[in-house]
Each structure stands twice: as C-alpha cells, then as structure tokens.
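A short write-up of the structure that comes next.
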Amino acid sequence: MTLDATLSGHLQELRRGTVVVASLTVLREPGYGYSLLETLSGAGFEVEANTLYPLLRRLEAQGLLTSEWNTDEARPRKFYRTTEQGDAIASSLRSEWTRLDKAINDLDPTTGSM
Amino acid sequence: MTSLVDRYVYTALRRVPEAQRADIDRELRASIEDAVDARVEAGEAREAAVEATLTELGDPDKLADSYANRSGYLIGPELYTSWRRLTVMLLSTVLPVVVAVLVVVQVVDGKSFGTIVGTAVSTTLTVGVHMVFWTTLIYAIVERTGAVKDKLRVKWSVKDLPKYEPDRMPIARLAGGLVWPALLIAALILQQFTLSGVPVLDPANWSFWWPYFIVVLVLQGAYQVWLWRLGTWNRTVTVVNAVLQLASAVPLVWLLATDQFFNPEFHNFAGLGAESDVKHWLSLLIIGITVVGTAYDIFEVARRGERVRRGEPIKITGTGGSYNYGG
C-alpha cells in the first residue's frame with residue numbers, strides 16, 4: 001500500500017462520524033438533502049450524496065431528526081429538522097470532539113505547551 | 001423511452017423495502033434534480049449534468065443497500081469467528097467420522113476396493129460442500145435477521161485458552177488417541193466377519209498375527225491412558241512408546257514384505273489396474289507410511305523426554321515460542 005492510500009484510509013476512519021455531528025448541528029435550521037450537502041461541502045466536510053441521503057433517513061428513524069414535505073414550491077422537497085433529542089446528542093458529540101481535540105494536543109509536545 | 005434518471009431511480013427502488021419506496025422515490029428525484037440544476041447553472045449542458053450527477057451518486061444497488069441499511073457482506077466480523085470455528089470443526093471432526101462410518105458400512109457390505117475408495121472420495125467432497133454451504137447459509141440468515149445473533153457470537157474468556165501440558169491434556173484428546181486403535185481393531189475384525197464377500201486380509205494369520213495386533217493395539221490404547229495420567233515425558237515413556245511402536249510396525253512390515261498380509265483369495269482390487277501391481281504398490285505404500293510414521297513418532301517422543309530431562313523448553317507447534325513441559 002502506498003503512503004497516500006494509507007493516509008486516505010486513516011483519514012476516512014477519523015472522519016467517520018463527523019458528518020452525523022455536522023448534520024445534526026446544521027439542521028437545527030430546517031434543510032433538505034441537497035441544501036445540506038452544499039452547506040457541508042462548503043464548510044469543508046467531504047461528504048458524498050450517496051452517504052448523506054441514506055444517513056438522514058437513518059437519523060430520522062432513530063428519532064434524532066424529523067421531516068416534513070414542503071410542497072409550497074414547484075419542486076416538493078423533504079425538509080429535515082433536528083429534534084430535541086438529536087440536539088442533545090449532537091451537543092454530547094461536540095463536547096467529546098472538543099475533549100479529544102484537547103487530549104491529542106496535550107499528547108503532541110509541539111503544541112501541548114500552549 | 002425512460003430517462004436516465006428514471007432508470008436510475010427504478011433500479012435503486014427495486015431493492016428498497018416497499019414501505020419506503022414512494023418516499024425515497026420523491027426525495028431521491030428532488031435531490032437529483034437539485035444537483036442537476038446546480039450543474040446547469042454552473043454552465044454544464046443538461047445531459048452531461050444528469051450523467052455527472054448519477055455517476056457521483058454511484059451504483060444504485062449500493063445506494064439501495066445503504067437506504068435499506070443492509071450490509072455489503074455475507075457474514076460480518078461479529079459472527080465470522082463463530083462461523084469459522086463451526087466450519088473447521090465440521091470439516092476436521094464430523095466429516096472424517098461420517099466418511100469413516102460409510103467406509104466401514106461398505107466394507108461390511110463386501111464392496112470392492114475401488115468402490116470403497118470412490119465412495120470415500122465422493123462422500124468427502126459432497127458432504128464437505130454441504131456442510132460449508134448450509135452452515136454459511138444459516139449464518140448469513142442470522143446476520144440479516146439478527147435472530148439469535150447474541151447466542152452465536154463467540155463469548156471468549158480466559159477459561160477458553162488451550163492447555164499445552166500433557167497432564168492437562170483435555171479428555172477429548174485422550175479420546176482421540178483411543179479412537180484410532182479402537183477403529184483399527186474394529187476394522188480388523190469386521191473385514192473378516194462380513195456376511196458376504198471375501199476378507200481383505202489373509203485369514204491364515206488369525207492363528208497368531210491378527211490376535212497379536214489386537215493385543216498390541218489394546219496396549220497402545222492403554223499407553224495413551226497411562227501417558228495422560230502420568231502427565232510428563234521421560235525415559236520410561238520413550239522406551240515404552242518405542243517398544244509398542246516397533247511391536248506393531250515390525251510384524252506389519254514383515255507380513256507385507258513377505259506377501260502374507262493380503263488374502264490370496266481376495267480379488268477385488270479391480271478397477272485400479274492389474275491385481276498383482278495394485279497389491280504390490282499398496283504394500284509398498286503401507287510399508288513406507290509405517291516406517292516413516294513409526295520412526296518419526298519414536299524420535300519425537302524420545303526428543304521430548306530428553307528435553308524434559310534436561311529442563312529444556314519444548315517447542316509448541318505453530319507458535320515459534322517455547323514452553324517448558326517439565327517445569
């Protein structure tokens with residue numbers, strides 16, 4: 001395996017799960033599939049449509065998102081919104097993220113002293 | 001003509017649970033159209049935009065799996081260990097027993113040597129394939145339905161660690177050491193007293209050699225029990241083992257070499273070539289296996305005994321590490 005392939009494998013491992021936190025955070029304001037995809041890639045999350053769309057339905061099935069069809073416009077769209085439970089989970093996940101970030105910085109002597 | 005988008009959506013929906021289809025249909029189309037519109041706005045031609053969008057979404061079957069929350073594997077890592085253990089056990093333990101039983105039944109039936117070999121080979125293949133197939137099918141179903149998954153998952157504890165000292169030899173391995181002599185004795189007696197057909201081995205030897213072999217085999221069984229209870233390797237073990245091994249090997253080789261082993265009246269080596277040739281090569285083969293096997297066994301037991309006496313560690317096969325049997 002080349003170094004690039006090794007790195008991309010590890011990056012994928014590391015990024016797994018971040019899309020959930022990001023989606024639950026962004027969808028505190030209602031949004032539909034494609035808009036969320038745009039927002040996330042604009043914010044620097046490398047997420048594929050074919051992962052995101054099924055993920056939204058899974059999060060809905062878990063009760064972390066609710067959805068509603070908006071038929072006011074010419075193109076009917078399914079809008080998702082983070083539920084109270086989803087928000088609570090997202091905030092737990094975010095504080096875990098912060099904790100991990102701090103822990104890793106503490107381990108790295110070049111940044112640990114800051 | 002159906003459009004590319006239609007074909008894509010239909011293909012994906014085919015493999016999605018029915019209850020979700022209408023909803024996913026609407027949502028997926030809206031998402032695709034949104035993406036296409038965005039590309040068109042950015043200056044792409046509509047047709048190219050559709051193609052690019054669908055290519056990005058990827059294999060519709062995979063997308064459907066993802067929607068339906070299906071795994072892209074037959075047996076997942078949770079169940080794989082349990083599946084492997086069961087498969088290995090079936091193939092290494094149950095399969096030989098099944099084949100052995102069938103062979104014995106055929107011997108009792110007085111079938112020809114060629115038929116028996118044929119049955120053994122074909123049974124090994126058919127039964128082996130069946131065992132692997134049905135085990136895998138059941139595990140795949142469990143993987144998908146989730147039923148009884150908890151029970152099949154391997155629960156490991158330190159108690160499951162194998163013990164390597166001979167005195168801690170599990171009773172199952174002792175049983176294994178006893179089954180071999182017992183099978184040989186049974187085969188020896190059965191081949192004589194089959195209802196039909198001619199005995200394979202020379203009946204003249206019942207005056208001395210066949211009873212002698214039965215006694216030696218019984219002693220070899222007793223040796224296994226004795227070794228199991230003794231729980232160590234030493235010079236006595238080496239000597240007893242060597243005596244017992246030679247007691248069966250030397251007469252066996254002698255009988256084969258002087259053409260007193262097979263029954264002269266037995267002519268069912270048919271199908272494998274000229275009878276004298278088959279007998280000849282079969283004799284050589286058995287002599288070869290007996291000499292090499294016996295020499296290796298005597299040497300190995302002697303080496304273990306010597307190492308324990310000197311307090312040297314004994315290598316455990318397959319680990320590369322060492323273990324002190326004596327200590």
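Chain A is the first sequence line, chain B the second, and so forth, proteins listed ahead of strands; every chain is numbered from 1.
- In terms of heavy-atom pairs under 4.5 angstrom with chain A, the leader among T53(B), I32(B), I24(B) is I24(B).
- With a threshold of 4.5 angstrom between heavy atoms, D37(B) approaches chain A through side-chain atoms but not through N, CA, C or O.
- The distance from atom OG of S3(B) to atom OH of Y10(B), rounded to the nearest 0.5 Å, is 7.5 Å.
- For D23(B), the parts lying under 4.5 angstrom from a heavy atom of chain A are both the backbone and the side chain.
- I89(A) contributes atom CD1, which lies 12.5 Å from atom CD of E84(A) (distance to the nearest 0.5 angstrom).
- Side chains of T136(B) and W83(B): a donor on one and an acceptor on the other come within 3.5 Å.
- With a 6.0 Å cutoff to the six-membered ring centre and a 45° limit on the axis angle, R26(B) counts as a cation-pi contact of W69(A).
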